[in-house]
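This report concerns only the one structure given below.
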Amino acid sequence: MFVSGRIGILIDGRLRALGTTDELKRECSSGLRVDVTAHVDDIDSVHDFLMERFADNFVPVNDFGSTRHYSAYNVSVATLFSLLETKKSELKITDYVVSETTLETVFLHTVQEVASEVARVAERRAVRENETV
């Protein structure tokens, strides 16, 4: 019995991504996932601090009220843990997680790329149809 070390992502019957777990993670996101939770009244201060401190290296991904999810690029795990642990009390952070990009993130990234591609094609089609009218 042979088990493959490669993963394929099919969307609408078309192969959109293929590679090992590490290859897909590198291709779709070279960063870390950072989840930060604080009281709803304090989460904006946490967000502002992270965006000011890391500027172009932090990209907000989702906002779920008192929890914010980010992708962090060119920042070490040690730097993030050290900073978050040091500022935890001051910023009233109740919980945080720093982890590698997951396969779920890779899949969602691939789906988002396809959705953007479909939207661009539909937009071009609509422009062409308007030009012929």
Side-chain angles (χ1 to χ4, degrees):
M1 185 169 143
F2 178 73
V3 177
S4 175
R6 293 169 41 124
I7 298 168
I9 299 176
L10 291 169
I11 301 175
D12 291 332
R14 293 181 57 201
L15 186 62
R16 298 296 185 146
L18 179 66
T20 66
T21 301
D22 289 338
E23 289 169 345
L24 291 173
K25 286 179 180 181
R26 270 193 309 276
E27 184 178 313
C28 293
S29 174
S30 60
L32 300 169
R33 178 183 167 127
V34 181
D35 303 335
V36 182
T37 303
H39 187 273
V40 146
D41 295 336
D42 301 315
I43 196 66
D44 287 335
S45 297
V46 174
H47 172 79
D48 293 344
F49 170 78
L50 292 172
M51 298 311 291
E52 179 181 310
R53 173 67 174 83
F54 294 106
D56 297 330
N57 296 329
F58 249 60
V59 178
V61 176
N62 290 319
D63 175 355
F64 294 109
S66 64
T67 300
R68 302 274 171 95
H69 304 283
Y70 301 90
S71 288
Y73 301 92
N74 303 315
V75 180
S76 73
V77 172
T79 299
L80 285 170
F81 271 119
S82 176
L83 183 68
L84 290 170
E85 197 58 37
T86 301
K87 295 289 188 175
K88 189 174 180 178
S89 294
E90 179 185 332
L91 295 172
K92 300 178 184 169
I93 295 171
T94 57
D95 191 30
Y96 63 88
V97 176
V98 178
S99 61
E100 288 186 338
T101 299
T102 64
L103 283 177
E104 176 187 16
T105 303
V106 170
F107 176 76
L108 293 174
H109 174 80
T110 305
V111 169
Q112 187 175 27
E113 281 183 345
V114 170
S116 295
E117 180 182 314
V118 168
R120 284 190 302 274
V121 168
E123 186 177 313
R124 285 193 301 263
R125 185 174 294 142
V127 168
R128 281 194 305 263
E129 287 175 1
N130 286 336
E131 290 173 352
T132 59
V133 172

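Nothing fancy with the numbering, it's 1 onward along the sequence. Note that the structure is a prediction, hence the values are computed from the model and not measured.
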Task: From CA spacing to verdict: side-chain contact (heavy atoms from CB on, under 4.5 Å), D35, Y96 - done: CA-CA 5 Å; D35 303 335; Y96 63 88; over 6 Å; no
Open item on the list: Using side-chain contact (heavy atoms from CB on, under 4.5 Å), reason through R14 and D12 one step at a time and then give a plain yes or no.
Closed with: CA-CA 6 Å; R14 293 181 57 201; D12 291 332; 5.6 Å; no
- [ ] Might you work through the side-chain contact (heavy atoms from CB on, under 4.5 Å) test for T20 and I7, ending with a clear yes or no?
- [x] CA-CA 6 Å; T20 66; I7 298 168; over 6 Å; no
Task: Residue pair K25, E100: steps toward the side-chain contact (heavy atoms from CB on, under 4.5 Å) verdict - done: CA-CA 9 Å; K25 286 179 180 181; E100 288 186 338; 3.9 Å; yes
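At least one donor-acceptor pair under 3.5 Å links the side chain of D63 to the backbone N or O of G65. One N or O on the side chain of T110 and one on the backbone of V106 form a donor-acceptor pair closer than 3.5 Å. Although no hydrogens or angles enter the test, the distance criterion places a donor-acceptor pair under 3.5 Å between the side chain of T94 and the main chain of T37. In this structure, T86 contributes its side chain and S82 its backbone to a donor-acceptor pair below 3.5 Å.
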Under 3.5 Å, side-chain donor or acceptor atoms of residues 111-125 against the rest of the protein: list the pairs with distances, not counting sequence neighbours.
{"residue": "E113", "atom": "OE2", "partner": "H109", "partner atom": "NE2", "Å": "3.0"}
{"residue": "S116", "atom": "OG", "partner": "Q112", "partner atom": "O", "Å": "3.1"}
{"residue": "E117", "atom": "OE1", "partner": "R16", "partner atom": "NH1", "Å": "3.4"}
{"residue": "E117", "atom": "OE2", "partner": "R16", "partner atom": "NH1", "Å": "3.4"}

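Hydrophobic clustering places L50 together with F81 (ILVMFWY residues linked when any side-chain heavy atoms are closer than 4.5 Å, directly or through intermediates).
Within a 6.0 Å sphere centred on CZ of F49, heavy atoms belonging to other residues, nucleotides or ligands number more than 12.
Among the candidates D95, V40, V46, the single residue satisfying the side-chain contact (heavy atoms from CB on, under 4.5 Å) test with S66 is V40.
Taking the six-membered ring where tryptophan is involved, the planes of Y70 and F58 are tilted, since the angle between them lies from 30° to 60°.
When all heavy atoms of G8 and L15 are compared, the closest pair comes out as CA-CD1, 4.0 Å. When all heavy atoms of L91 and D42 are compared, the closest pair comes out as O-CB, 4.1 Å.
Under 4.0 Å is where a charged nitrogen must lie from a carboxylate oxygen, and between R53 and D48 no such pair does.
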